[in-house]
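In what follows, every chain begins at residue 1, and chains take the letters A, B, ... in the order their sequences are listed.
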There are 2 protein chains.
Amino acid sequence: MEQYKEYLQSKGISPSYQRLKILEYLDLHRTHPTVDEIYTALLPHIPTLSKTTVYNTLSLFVQEGLATMLVLDNVEARFDITVHPHGHFTCTQCGKVYDIDVTPFVHIPNTIDGHTIQYYQIALKGICKDCASH
Amino acid sequence: MEQYKEYLQSKGISPSYQRLKILEYLDLHRTHPTVDEIYTALLPHIPTLSKTTVYNTLSLFVQEGLATMLVLDNVEARFDITVHPHGHFTCTQCGKVYDIDVTPFVHIPNTIDGHTIQYYQIALKGICKDCASH
DNA sequence: ATCATTGCAAACACTTTGCATACGC
DNA sequence: GCGTATGCAAAGTGTTTGCAATGAT
């Protein structure tokens with residue numbers, strides 16, 4: 001908990017209990033959680049928590065670079081604590097999302113067609129290992 | 001118009017006027033249009049058109065492989081007539097979306113970590129040529 | 001006459017906004 | 001005490017659903 005507090009402060013974000021818990025959740029659950037998943041998971045620990053706070057906090061984190069908003073479908077936004085760039089594979093059968101290390105397959109330059117690339121996301125779709133074997 | 005009719009029939013889709021016009025729009029406007037853009041553009045030509053029909057038709061096209069649903073943000077879905085795979089660059093300043101040929105930079109195998117990859121999308125973000133020069 | 005397509009209106013689901021309350025230095 | 005963070009409720013936005021009207025063969 002203490003390391004999260006220092007991390008937030010180092011980014012100029014005042015470390016409220018809600019923010020600490022949301023950051024901790026993102027760090028401990030690298031499962032591309034939705035707002036609702038985070039909210040539901042933390043509610044027992046923070047009974048007064050509101051979804052607005054989860055939304056506020058996540059957009060603050062994204063803005064400050066602590067988290068990344070993933071674009072995997074147009075239904076619900078998903079969030080990752082910011083780590084090295086990686087792809088996301090969504091199984092079209094079971095809907096599970098897997099992290100994929102795409103660095104062996106992708107080498108995006110800093111500039112393409114005169115546009116400056118700041119970051120990118122790769123969304124892969126198909127049938128996952130588990131579904132294929134059933 | 002005749003070529004669209006034949007194309008739909010070859011896919012087993014009955015070529016209603018609405019479907020023909022939506023397909024034509026996708027073919028002539030390769031600008032990743034949203035449902036609303038398609039609807040608004042066609043309304044003068046089909047005054048009775050409803051958004052439901054645009055939604056219905058697009059999901060039929062996606063299902064039959066005639067179009068692709070893009071996921072560029074978590075706000076609105078965008079659609080492309082199905083062509084060779086390419087990336088999409090969104091300018092974070094002006095919001096414009098550019099097609100990017102990523103084939104030189106990306107080589108995704110058919111299988112990764114045991115998962116079967118059917119298709120993928122690459123969403124790039126940054127500052128576009130135009131915005132950089134202003 | 002039958003079946004598919006269309007289109008209105010209502011329902012839905014996720015997200016944002018407005019504003020009053022509570023918290024922390 | 002004052003500025004920020006929180007959280008409820010309401011509004012907003014994109015999408016889907018139910019169902020009746022229309023159209024095509």
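Looking at residues 38-52 of chain B, you'll see B:Thr48, B:Leu49, B:Ser50, B:Thr52 sit with a heavy atom under 4.0 Å from some atom of DNA chain C. A heavy atom lying under 4.0 Å from DNA chain C marks the following residues of residues 12-26 of chain B, by number: B:Ser14, B:Ser16, B:Gln18, B:Arg19. Contact check of residues 55-79 of chain B against DNA chain C (heavy atom, cut-off under 4.0 Å) returns no residues at all.
Considering only residues two or more places apart in sequence or on other chains, B:Lys96 meets the salt bridge (Lys or Arg N to Asp or Glu O under 4.0 Å) condition with B:Asp130.
Under the 4.5 Å side-chain contact rule for hydrophobic residues, A:Ile122 and A:Tyr98 share a cluster. Residues A:Leu70 and A:Ile108 fall into different hydrophobic clusters, defined by Ile, Leu, Val, Met, Phe, Trp and Tyr side chains chained together at heavy-atom separations under 4.5 Å. A continuous path of hydrophobic side-chain contacts links B:Leu26 to B:Tyr39 [ILVMFWY only; heavy atoms under 4.5 Å].
Inter-residue side-chain proximity for A:Leu23 and A:Leu8 is flagged as met; some heavy-atom pair is nearer than 4.5 Å. Taking the side chain as every heavy atom from C-beta outward, B:Thr48 and B:Ile46 approach each other to under 4.5 Å. No side-chain heavy atom of B:Thr90 sits under 4.5 Å from any side-chain heavy atom of B:Leu124.
Across every non-hydrogen atom of A:Asp36 and A:Glu76, the tightest pair is CB-OE2, 4.1 Å. Closest approach of A:Val71 and A:Gln121 over heavy atoms only: N-OE1, 3.1 Å. Taking both residues in full, the closest heavy atoms of A:Leu43 and A:Leu49 are given as CD1-O, 3.8 Å, listed atom of the first, atom of the second, then distance.
Donor-acceptor pairing under 3.5 Å is lacking for the side chains of A:Thr31 and A:Arg78. Using modelled atom types, one finds no donor on one side chain facing an acceptor on the other under 3.5 Å when comparing A:Asp101 with A:His86.
A nucleotide of DNA chain C counts as in contact with chain B when one of its atoms lies under 4.0 Å from a heavy atom; the first and last such, 5' to 3', are C:dT5 to C:dA9.
Each of A:Arg19, A:Glu24, A:Gln9, A:Lys21 was evaluated against A:Tyr4; a single residue qualifies, A:Glu24, per the side chain to side chain contact (heavy atoms under 4.5 Å, CB included) test.
Ring-plane geometry between A:His32 and A:His88 is classed as perpendicular, the angle between the planes exceeding 60 degrees on a 0 to 90 degree scale with a lower cut at 30.
No close placement of the B:Phe105 and A:His107 rings is indicated, their centers lying 6.0 Å or farther apart.
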* Per-nucleotide protein contact string for nucleotides 20-25 of chain D, where B marks a base within reach and S marks sugar-phosphate only (heavy atoms under 4.0 Å, - for neither) -> ------
